[in-house]
Amino acid sequence: MNRRLFVASSIASLGLAGCAQAKTALTTGPFRKVLDAAETVNYRVIGTRGMARLYTDADVNVQFRLNGLNTPADTLYSSLAARGFLQYELAIGGLVDRPQRFSFAQLRAMPQQTQITRLDCVEGWSQIGKWRGVPLAAILALAHPKPEARYVVFRSFNSDDQGTPFYGSLDLHEAAHPQTILALDLNDKPLDLDHGAPVRLRIPTQLGYKSTKWVSRIDVLASFAHIGAGNGGYWEDQGYEWYAGI
Amino acid sequence: MQQRQTYRHSLVARLTHWLWAVAILVLVMSGLQIFNAAPYLDASDNSNPAKRVLAIGASGTDAAPRGVTTVFGHSFSTTGVLGYTSDGLGGQAPRAFPAWATLPGPQDLADGRRWHFFFGWTLTIALAAFGVAGVLQGTLRELVLRPSDVPKLRPMLLYYLRLRKTPPAHGTYNPLQKATYTLVLFVLVPLIVLSGLALSPGVDAIAPPITALFGGRQAARLWHFTFMALLIAYFCVHMIFVFGTGAVNNLRSMVTGWYTLKDDEEVGV
């Protein structure tokens, strides 16, 4: 009988008294890999469906919160920024029938979508912003992905302190969602350098870390295994889930 | 006197009970890990310091750091317990909940989330299996409060308060137990799951009324945390009764299924 009490109290002590060694073994050992199954279930069950809630101008956070990396230190970026991004060109390549190049002026001249949506950060906080830009679906339609294409990979001008490049990806379904846009403006002003100028992704149906800032080019690919550490994005390579709808 | 035994808990009930016990432990600890990434709770949709209900932070100088917990604008010094706590790496750091209470121990939002979602599904599946088995085996009916139990709630309370010598006649579970189990299984746990889903931008796009029901995403975070605190409160009461009414008999019944009836106890229905 005492044995049962011992077992029960041992289970409780794992958390309550702080069995640090057992926790380390669980969180770094093979069982850690089993946990990844939840991401697949979330992707299948929740996925990217429906429409993110739309807000009004009165709801907007005027001082929109910053997180993650700041203004890119990249020299090409600095020279583009110094000239108001007039020389910026967005290239869409990879597995597409018609590779595209858009100047900043051409992007501005395309039909724009304005959305006042809530950005939900993986850390837990939320901010509401007024985003304006080009629906990604329109750009993909011009480029026309090939049948074997599965992912849209967003390269960025930025990299972290160690020089690891910043990037992100969506699958074609998420990329074609009507609220997934390449944003050019935030709160009625062109994006500033910290918020992702000149072009950033904005996908309100997923957490903020999927909305890649400082987009330098877009590639439509069958796999992202050869990019970075192979998990589909800078934050994904740090251990965060590729599917960030929850 | 001869001991009377009854087979109280089916195999499915016992397995799912221990499964969700583990799941809830992991969910609480990984939830505190996730909370640590934004250690404040606002009664609003987007983050709003003017609507802040709880904040757990660090202040003071580098030489003398302090943990400070602020509830409804009232600040308390909580150094070592909340705000400035053990970092799981042998030192102290600005961390809302200490490493011993979180999973993983050291700050790791990415892995905390993976633990939380895996055991969120584990809990959901365990509850569904318990519910289906309970309906098929008829054991769920013994657990749920029914209109005929309501008049017995007061005499049962008086019995617990020692203001009445005998409990009112009841089945396997007494009316207060039934009321508690009904509230926890059919109100509190569904609310925990719903308020958690309300935090997901993907779920919010599919079913906007869920997030709206809790007053927005940040408010849903506040509710999710509050429901967790209520579930821990229930767990404490549960432990008091498990250990106060014959720990060995209670634990054995949840391991083997067999429960030894006390002199005044009936077999139940």
Side-chain angles (χ1 to χ4, degrees), chain A residues 1-2 4-5 7-8 11-12 14-20 23-24 26-28 32 34-39 41-42 45-53 55 59 61 65 118-128 177 179 203-208 235 238-241 243-246, chain B residues 18 21-22 25-26 28-29 34-35 37-42 44-48 86 88 98-106 108-111 113-122 196-197 199-208 211-212 216-218 221 239 242 247-248 251-252 255:
Chain A
M1 291 306 140
N2 283 335
R4 287 194 186 119
L5 278 176
V7 170
I11 292 168
L14 172 65
L16 301 175
C19 194
K23 275 204 293 192
T24 306
L26 276 173
T27 51
T28 56
R32 162 64 189 73
V34 176
L35 304 178
D36 296 358
E39 183 185 350
V41 178
N42 287 336
V45 174
I46 302 169
T48 301
R49 305 180 170 90
M51 298 289 273
R53 184 181 159 185
Y55 294 83
D59 303 316
N61 286 100
R65 184 168 170 168
R118 196 184 63 216
L119 183 144
D120 292 336
C121 181
V122 65
E123 293 176 339
W125 52 266
S126 306
Q127 295 263 281
I128 295 170
H177 186 276
Q179 290 176 316
I203 171 162
T205 47
Q206 299 211 20
L207 296 174
W235 293 112
Q238 320 291 316
Y240 290 90
E241 298 106 321
Y243 173 69
I246 184 164
Chain B
W18 293 114
V22 170
L25 177 68
V26 170
V28 168
M29 293 174 68
I34 295 168
F35 173 89
Y40 43 80
L41 298 168
D42 299 347
S44 51
D45 188 4
N46 51 340
S47 298
N48 184 353
S86 67
W100 64 260
T102 67
L103 193 76
D108 188 344
L109 173 61
D111 271 12
R113 283 166 49 80
R114 290 183 188 270
W115 280 91
H116 206 70
F117 300 144
F118 184 87
F119 280 90
W121 282 112
T122 305
L197 288 173
L199 306 177
S200 151
V203 171
D204 194 19
I206 298 168
T211 308
R217 186 181 189 236
Q218 297 304 308
R221 233 178 141 241
M239 286 302 105
V242 165
V248 170
L251 282 171
R252 184 186 53 228
V255 175

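Sequence lines set the chain letters: A, B, ... in the order given, protein chains first and strands last, and positions in each chain run from 1.
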> Yes or no on side chain to side chain contact (heavy atoms under 4.5 Å, CB included) for Phe118(B) and Val41(A), after CA distance, side-chain angles and deciding distance?
Replying inline: CA-CA 9 Å; Phe118(B) 184 87; Val41(A) 178; over 6 Å; no

>> Please determine whether side chain to side chain contact (heavy atoms under 4.5 Å, CB included) holds for the pair Ile246(A) and Val203(B), giving the CA-CA distance in whole Å, both sets of side-chain angles, and the decisive distance to 0.1 Å.
In response: CA-CA 7 Å; Ile246(A) 184 164; Val203(B) 171; 5.5 Å; no

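For Ile34(B), the part lying near chain A is the backbone, with the side chain staying farther off; criterion is any non-hydrogen pair under 4.5 Å. Using a 4.5 Å cut-off between heavy atoms, Arg118(A) contacts chain B through its side chain alone, with no backbone atom that close. With a 4.5 angstrom heavy-atom cutoff, Arg217(B) touches chain A via backbone and side-chain atoms both. Contact annotation for Thr211(B): only side-chain heavy atoms (C-beta onward) come within less than 4.5 Å of a heavy atom of chain A. Contacts between Ala21(B) and chain A at a heavy-atom distance below 4.5 Å are absent for every atom of the residue. For a residue to count as touching a neighbouring chain, one of its non-hydrogen atoms must lie under 4.5 Å from one of that chain's; by this rule Trp115(B) touches chain A with backbone and side chain alike. The parts of Asp36(A) that come within reach of chain B are both its backbone and its side chain, each placing non-hydrogen atoms under 4.5 angstrom from that chain. Neither the backbone nor the side chain of Phe35(B) comes within less than 4.5 Å of any heavy atom in chain A.
Heavy atoms only, all atoms of each residue included: Gly245(A) and Ser200(B) are closest at O-OG, 2.6 Å. Across every non-hydrogen atom of Val122(A) and Leu109(B), the tightest pair is O-CD2, 3.7 Å. Scanning both residues, Glu123(A) and Ala38(B), for their nearest heavy atoms gives O-CB, 3.1 Å.
Distance check: Asp204(B) CG to Thr205(A) OG1 gives 10.5 Å after rounding to the nearest 0.5 Å. Rounding to the nearest 0.5 Å gives a distance of 5.5 Å between CZ of Arg113(B) and CG of Leu207(A). Distance check: Arg114(B) CZ to Glu39(A) CD gives 5.0 Å after rounding to the nearest 0.5 Å. In this structure, CG on Asp111(B) lies 4.0 Å from CZ on Arg32(A), to the nearest 0.5 angstrom.
Under 3.5 Å, the side chains of Asp45(B) and Tyr55(A) contain a donor-acceptor pair of N or O atoms.
The choice from Trp121(B), Tyr40(B), Phe119(B) that makes the most heavy-atom pairs within less than 4.5 Å of chain A is Trp121(B). Contact count against chain B (heavy-atom pairs under 4.5 Å) is highest for Gly124(A) among Gly124(A), Ala52(A), Cys121(A). Contact count against chain B (heavy-atom pairs under 4.5 Å) is highest for Asp120(A) among Thr27(A), Asp120(A), Ile128(A).
Formation of a donor-acceptor pair under 3.5 Å by the Ser126(A) side chain with backbone atoms of Ser47(B) is not found in this model.
Using a 4.5 Å heavy-atom threshold, the side chains of Pro208(B) and Arg53(A) count as separate. Contact annotation: the side chain of Ile206(B) approaches that of Ile46(A) to within less than 4.5 Å [non-hydrogen atoms, C-beta and beyond].
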